[in-house]
There are 2 protein chains.
Amino acid sequence: MQKNKLKNPFKSANHKHKKCLQTALAAAKKHCDAFGLRLTPIRYRVLELVWQNHAPVKAYNILDQLKLAKSSAPPTVYRALDFLKEEGLVHKIESLNAYIGCDNPQEGHKSQFFICDDCGTVAEIADPDIRYLLRKKAHQFGFKIKDEMVEIKGHCQECRGSAE
Amino acid sequence: MQKNKLKNPFKSANHKHKKCLQTALAAAKKHCDAFGLRLTPIRYRVLELVWQNHAPVKAYNILDQLKLAKSSAPPTVYRALDFLKEEGLVHKIESLNAYIGCDNPQEGHKSQFFICDDCGTVAEIADPDIRYLLRKKAHQFGFKIKDEMVEIKGHCQECRGSAE
DNA sequence: AATGTTACGTTATAATGTAACATTTTCCAT
DNA sequence: ATGGAAAATGTTACATTATAACGTAACATT
Ligand SMILES: [Zn+2]
Ligand SMILES: [Zn+2]
Ligand SMILES: [Zn+2]
Ligand SMILES: [Zn+2]
């Protein structure tokens, strides 16, 4: 197993989040342009709302915020989320029924999530060692992997520090 | 990384499932006896229904089957499931919102699940290599793991064989 | 018997997610 | 440019999953 260097994927509490948001929105535009996909106003707005921070956002929370501008119904949100998921621009955190923006849409969509139970922040990593090991294990009993969900709950470094 | 031998954790389609059921129920009784816990008729019945096969069972499916005997409501099922989860006798498959009996309640409750999209069968493994790797990765950025969800979707050996 | 504790019953409702169909907008070939 | 197909959105209704709140029953301890 090779050494894959891993810097802390958690964002510090005082990072400049506006930059995260802008980067994500720009990357989404670029992605959709490149593939001839339509990042419509609704989709763009939903993506923006998913990216309001690094904690997962619930579909009905997004819906409430859409309603502030104009009357909307659940399918509006779920359609936009489905599109964004499909394109790897957001991920669903299954254990929370909530959605989070993808850091790195271009590099494939199989990631692992570390979720801080204290601050709610989620860190996404796409670690080749983990994926390799899962594939190796699956191979041992003839299982062919199509999709992977790895969601790890616990306490992030910042929250552990401040808890003492 | 040591070699952990891994036999196929999937049950073949024609295995003697009555035995799985009996073993699980006996293990549950033993566990509850040992810890002074009450495996009441409702809890026992719900466990039995969770174990009707090796595919995850939905709460409202269990509820429907309880209703055949007597009028029941959602809290009845969810309370029983909560108890059984707490004791590691069943697991919730988060990506399916469904429940499955635990093969091996005594050895801790952190497992990985391999889910066949074709036959619905779920295999549970408790692989130390996977857990070790996740802990190692988490440690690299100061994350303290409290809970782990690893749910892998794909096609089991039997279904792959018959698909050709 | 009185008390505390755990489990269960019951009703209502919250939270999450889809089906189905009508309407509008966009795209693109003529 | 323009008509028709395809894609996206609007709208209503509904399905599914889960919990809150409150009361009662069963069981154990004193
Ligand atoms: Zn940020
Ligand atoms: Zn934290
Ligand atoms: Zn079996
Ligand atoms: Zn299968």
Side-chain angles (χ1 to χ4, degrees), chain A residues 28-29 31-50 55-87 89-100 120 149 151, chain B residues 28-29 31-50 55-87 89-100 120 149 151:
Chain A
K29 271 188 196 149
H31 171 90
C32 289
D33 277 0
F35 290 89
L37 301 166
R38 296 170 55 195
L39 191 58
T40 64
I42 289 178
R43 291 166 177 176
Y44 185 89
R45 178 68 181 136
V46 168
L47 183 57
E48 209 170 33
L49 290 170
V50 166
V57 180
K58 308 227 125 199
Y60 274 69
N61 176 314
I62 294 171
L63 180 56
D64 289 341
Q65 299 190 250
L66 289 183
K67 280 180 182 161
L68 298 177
K70 83 187 281 295
S71 146
S72 309
T76 300
V77 166
Y78 284 105
R79 284 165 181 158
L81 288 172
D82 284 347
F83 170 85
L84 296 168
K85 258 191 309 188
E86 201 69 34
E87 297 309 319
L89 298 168
V90 307
H91 297 289
K92 180 175 183 185
I93 305 295
E94 298 286 350
S95 61
L96 298 174
N97 294 321
Y99 303 82
I100 190 156
M149 193 212 84
E151 299 176 7
Chain B
K29 270 188 198 151
H31 171 90
C32 290
D33 278 357
F35 289 90
L37 301 165
R38 296 169 56 196
L39 190 58
T40 63
I42 289 177
R43 290 166 177 174
Y44 185 88
R45 178 69 180 137
V46 168
L47 182 59
E48 209 171 31
L49 290 170
V50 165
V57 181
K58 308 228 123 196
Y60 274 69
N61 176 313
I62 294 171
L63 179 55
D64 288 342
Q65 300 191 249
L66 289 184
K67 280 179 181 163
L68 298 177
K70 84 187 280 295
S71 145
S72 309
T76 300
V77 167
Y78 284 105
R79 285 165 181 157
L81 288 172
D82 284 348
F83 170 85
L84 297 168
K85 258 190 311 188
E86 201 69 35
E87 297 308 320
L89 298 170
V90 307
H91 298 289
K92 180 177 183 185
I93 305 295
E94 298 287 350
S95 60
L96 297 175
N97 295 320
Y99 303 81
I100 190 157
M149 267 136 303
E151 299 175 9

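Computed over heavy atoms, backbone and side chain alike; hydrogens, waters and symmetry mates excluded. The sequence lines fix the lettering, A, B, ..., with proteins before strands; numbering per chain opens at 1.
- Side-chain atoms of A/Y60 stay outside donor-acceptor range of the base of C/dA14, with no qualifying N/O pair under 3.5 Å.
- Closest approach to the A/I42 side chain among D/dT17, D/dT9, C/dC8 is made by D/dT9 (side chain taken as heavy atoms from C-beta onward).
- Pair assignment for D/dA18 gives C/dT13, based on Watson-Crick or G-U wobble hydrogen-bonding distances that are each under 3.5 Å.
- Atom CZ in A/R38 sits about 16 Å away from atom P in C/dT24, given to the nearest Å.
- The CZ atom of B/R79 sits 12 Å away from the C1' atom of C/dT11 (whole-angstrom rounding).
- B/Y99 OH to B/K85 NZ: the interatomic distance, rounded to the nearest 0.5 Å, is 5.0 Å.
- In this structure, the NZ atom of A/K67 is 16 Å from the C1' atom of D/dT9, given to the nearest Å.
- As rounded to whole Å, 13 Å separates atom P of C/dA14 from atom CG of A/D64.
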For this session: Dump the intermediate steps for side-chain contact (heavy atoms from CB on, under 4.5 Å) on A/L81 and A/I62, then the final yes or no.
Result: CA-CA 10 Å; A/L81 288 172; A/I62 294 171; 4.2 Å; yes
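- Considering only the side chain of B/T40, C/dA7 comes nearest among C/dA7, D/dT11, C/dT18.
- For the pair B/I93 CD1 and D/dA18 P, the interatomic distance rounds to 13 Å; values are reported in whole Å.
- With the nearest nucleotide of DNA chain D identified for both A/F83 and A/A73, A/F83 has the one nearer the 5' end.
- For B/K85 and D/dT17, the NZ to P distance is 14 Å, given to the nearest whole Å.
- Between C/dA15 and A/N97, no contact under 4.0 Å exists linking OP1 or OP2 to a side-chain N or O.
- Between B/Y99 and the phosphate of D/dA18, there is a side-chain N or O to OP1/OP2 separation shorter than 4.0 Å.
- Map B/A59 and A/T76 each onto its nearest nucleotide of DNA chain D; the residue landing nearer the 5' end is A/T76.
- Distance NZ (B/K92) to C1' (D/dT19): 12 Å, rounded to an integer number of Å.
- Distance from the side chain of B/P75 is smallest to C/dT11 among C/dT16, C/dT11, D/dA18.
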Problem set entry | Worked verdict on B/F83 versus B/T40 for side-chain contact (heavy atoms from CB on, under 4.5 Å) | CA-CA 11 Å; B/F83 170 85; B/T40 63; over 6 Å; no
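- In this structure, CE on B/M149 lies 11.0 Å from CD on A/E94, to the nearest 0.5 angstrom.
- Taking side-chain N and O atoms only, B/K70 has a distance below 4.0 Å to OP1 or OP2 of C/dG9.
- To the nearest angstrom, C1' of C/dG9 lies 13 Å from CG of B/L63.
- Checking the phosphate oxygens (OP1, OP2) of D/dG10, no side-chain nitrogen or oxygen of A/S72 falls inside 4.0 Å.
- A close approach under 4.0 Å does occur between a side-chain nitrogen or oxygen of B/K58 and OP1 or OP2 of D/dT17.
- B/R43 CZ to B/L37 CG: the interatomic distance, rounded to the nearest 0.5 Å, is 8.0 Å.
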